[in-house]
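Notes for the one structure printed next.
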Amino acid sequence: MNLIVEGKGIFISKHQGRIRLVRDSQVVEEVPLIHLNQILVIDTGVGISSDVVKLCSEEGIALHFLEKNGMVRASLYAAGLTGTVLTRRAQLLAFSSAKGCELALAFTRGKLANQIHLLRYFMRSRKDEQPQLCQKLHQSVQAIQDLLGEMDGLTINRQGVEELRPSLLSLEGRAAQHYWAGVRYVLPEQIDWPGRQTRGATDLFNALLNYGYGVLYAQVEQAILLAGLDPYAGFLHADRPGKPSLVLDLIEEFRQCTVDRTLVGLLNRRVPLEQDSEGLLTAETRRKVAEKVLERLSGSSELYEGKRQALRLILQQQARHLASFLRGDRETYTPFVAGW
């Protein structure tokens, strides 16, 4: 179970094996620890006791603090999660070797393949009633497939990923143009969408995407830490102070099937999703997005390694496979590609 906390004046405390939310001396909600996986604080003005922090650390329950725009401001884990050494040494060494190139290629292939599969998913449900729209989606799919084919001509540099990265980012950028053009076709007509924007976006769909990615980001970072990896030492995304490059690498395999599909579905079902006067999502909308993204992770399954598994388990397995590949325990790293 995921506990989502929003509302100014809420205080998070513990009481007899439960996490208790209190406001003005009144109990708002109680959750048994045995059922709790994580706590997401999605609002300002929320207090928390040191006893809760200690208890969550002991029980392996992560605490995530999200800004109103979806940015993860902080996450709290048990200190032992960052105490691994061998995996991190191998991770840092891989940046200047062929392994770094192989991983950058894998993350890019995974992203493009998942873009293709989600567009095909949209086509499947519209092929009888909207054949012209499906033809447009097919053109986007074909364009991304062509870019995926271009990757076969890229050369792995045994000295590291630096020379390869510009080519991959160029391919990724061109694929994104075709992908978002395809997504635009399946959005409801009343959605006035200017195209994909990240920071500072004020339109509804971009605000939803940015917030949904923030929720997913916290889950990816947690999976990376549990696998003994450093979230700031990536391969496809460049290293910068404070930039969680490996989180941004691994999240590419899960954006489309976890966030994009969920949000397009909510909009097409006319689920009320709103912004305030400043263009930020309302508290109720933030809660709804967080609930639906986490529900998709825990409640939806995909075929993975011969059996159907929840996306959350697949995410954790991918992080572990990544760590195993870096240590030399696996010969290859294969990106996760969702079905359609």
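The closest side-chain donor-acceptor pair between Arg312 and Ser298 falls under 3.5 angstrom. Under 3.5 Å, the side chains of Arg296 and Thr258 contain no donor-acceptor pair of N or O atoms. For the 3.5 Å distance criterion, the side chains of Ser75 and His64 qualify, holding a donor opposite an acceptor.
Asp249 contributes a side-chain N or O that, together with a main-chain N or O of His237, makes up a donor-acceptor pair within less than 3.5 Å. Within the 3.5 Å criterion, the main-chain N or O of Thr202 finds a donor-acceptor partner in the side chain of Gln275. Formation of a donor-acceptor pair under 3.5 Å by the Asp203 side chain with backbone atoms of Gly195 is not found in this model. A donor-acceptor pair is defined here as one N or O able to donate and one able to accept, closer than 3.5 Å; such a pair exists between the side chain of Arg124 and the backbone of Trp340. A donor-acceptor pair under 3.5 Å links the side-chain atoms of Gln318 to the main chain of Thr334, judged by distance alone. Of the possible polar contacts, one joining the Glu302 side chain to the Gly339 backbone as a donor-acceptor pair under 3.5 Å is found. In this structure, the side chain of Lys99 engages the main chain of Leu326 through a donor-acceptor pair within 3.5 Å. In this structure, Arg73 contributes its side chain and Phe65 its backbone to no donor-acceptor pair below 3.5 Å. The main-chain N or O of Lys8 is found under 3.5 Å from a side-chain atom of Arg23 such that the two form a donor-acceptor pair. Of the possible donor and acceptor atoms, one in the side chain of Gln91 sits under 3.5 Å from a partner among the backbone N and O of Asp230.
With Phe107 as the fixed residue, the ring pair (Phe, Tyr, Trp, His ring centres under 6.0 Å) test singles out one of Phe254, Tyr333, Phe235: Tyr333.
When the salt bridge (charged side-chain N to carboxylate O under 4.0 Å, His left out) test is applied to Arg330, no partner is found at least two apart in sequence or on another chain. Remark: Arg320 pairs with Ala227, Gln316, Gln317 by the side chain to side chain contact (heavy atoms under 4.5 Å, CB included) rule, at least two apart or across chains.
Smallest separation of non-hydrogen atoms from Arg196 and Asn210: NH2-OD1, 2.7 Å. Closest non-hydrogen pair, Leu119 versus Ser140, comes out as CD1-CB, 3.9 Å. Pairing each heavy atom of Arg165 with each of Glu162, the nearest pair is NH1-OE1, 3.2 Å. Between Thr285 and Glu274 the shortest heavy-atom distance is OG1-N, 2.8 Å. Taking all atoms of both residues into account, the shortest heavy-atom contact from Leu105 to Met151 is O-CE, 3.4 Å. For the pair Ala175 and Leu147, the tightest heavy-atom approach, listed with the atom from each and the gap, is N-CD1, 3.4 Å.
Both Leu281 and Trp193 belong to a single network of hydrophobic side chains, linked directly or stepwise wherever heavy atoms of I, L, V, M, F, W or Y lie under 4.5 Å apart. Tracing side-chain contacts under 4.5 Å through hydrophobic residues (I, L, V, M, F, W, Y), one never reaches Val27 starting from Phe11; they form parts of separate clusters. Ile12 and Val22 fall into different hydrophobic clusters, where Ile, Leu, Val, Met, Phe, Trp and Tyr side chains are chained together by heavy-atom contacts under 4.5 Å. Taking hydrophobic clusters as Ile, Leu, Val, Met, Phe, Trp and Tyr residues chained together by side-chain heavy-atom distances below 4.5 Å, Leu66 does not share a cluster with Ile19. With hydrophobic clusters built from ILVMFWY side chains whose heavy atoms lie under 4.5 angstrom apart, Leu76 does not share a cluster with Val220.
The shortest side-chain heavy-atom distance between Cys257 and Leu118 does not fall under the 4.5 Å cut-off. Side-chain contact between Leu36 and Glu59: absent, with no pair of heavy atoms (C-beta onward) separated by less than 4.5 Å. The shortest distance between side-chain heavy atoms of Pro272 and Glu284 does not fall below 4.5 Å. For the pair Ile156/Leu164, no side-chain contact is recorded, criterion being any heavy-atom separation below 4.5 Å from C-beta on. Looking at heavy atoms from C-beta onward, Thr198 lies out of side-chain contact with Leu209 at the 4.5 angstrom threshold. With a 4.5 Å cut-off on side-chain heavy atoms, Cys101 and Leu154 do not count as touching. Leu322 has its side chain within reach of Leu246: a pair of non-hydrogen atoms, C-beta onward, lies under 4.5 Å apart. Under the 4.5 Å side-chain criterion, counting only non-hydrogen atoms from C-beta, Asn114 is not in contact with Asp260.
If you take CG on Leu313 and OG on Ser301, they are separated by 10.5 Å, rounding to the nearest 0.5 Å. Rounding to the nearest 0.5 Å gives a distance of 11.0 Å between CG of Asp146 and CG of Leu112. Rounding to the nearest 0.5 Å places CD1 of Ile251 at 4.5 Å from CZ of Arg255.
Within a 6.0 Å sphere centred on NZ of Lys54, heavy atoms belonging to other residues, nucleotides or ligands number 12 at most. More than 12 heavy atoms of other residues, nucleotides or ligands sit less than 6.0 Å from atom CD of Glu305. Within a 6.0 Å sphere centred on OH of Tyr121, other residues, nucleotides and ligands contribute 12 heavy atoms or fewer.
Taking 4.0 Å as the cut-off between side-chain N and carboxylate O, Arg286 and Glu6 do not count as a salt-bridged pair.
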Report the C-alpha separation of Glu30 and Gln16 in whole Å, then their side-chain angles, then the decisive distance to 0.1 Å, and conclude whether the side-chain contact (heavy atoms from CB on, under 4.5 Å) test is met.
CA-CA 10 Å; Glu30 279 191 346; Gln16 297 180 350; over 6 Å; no
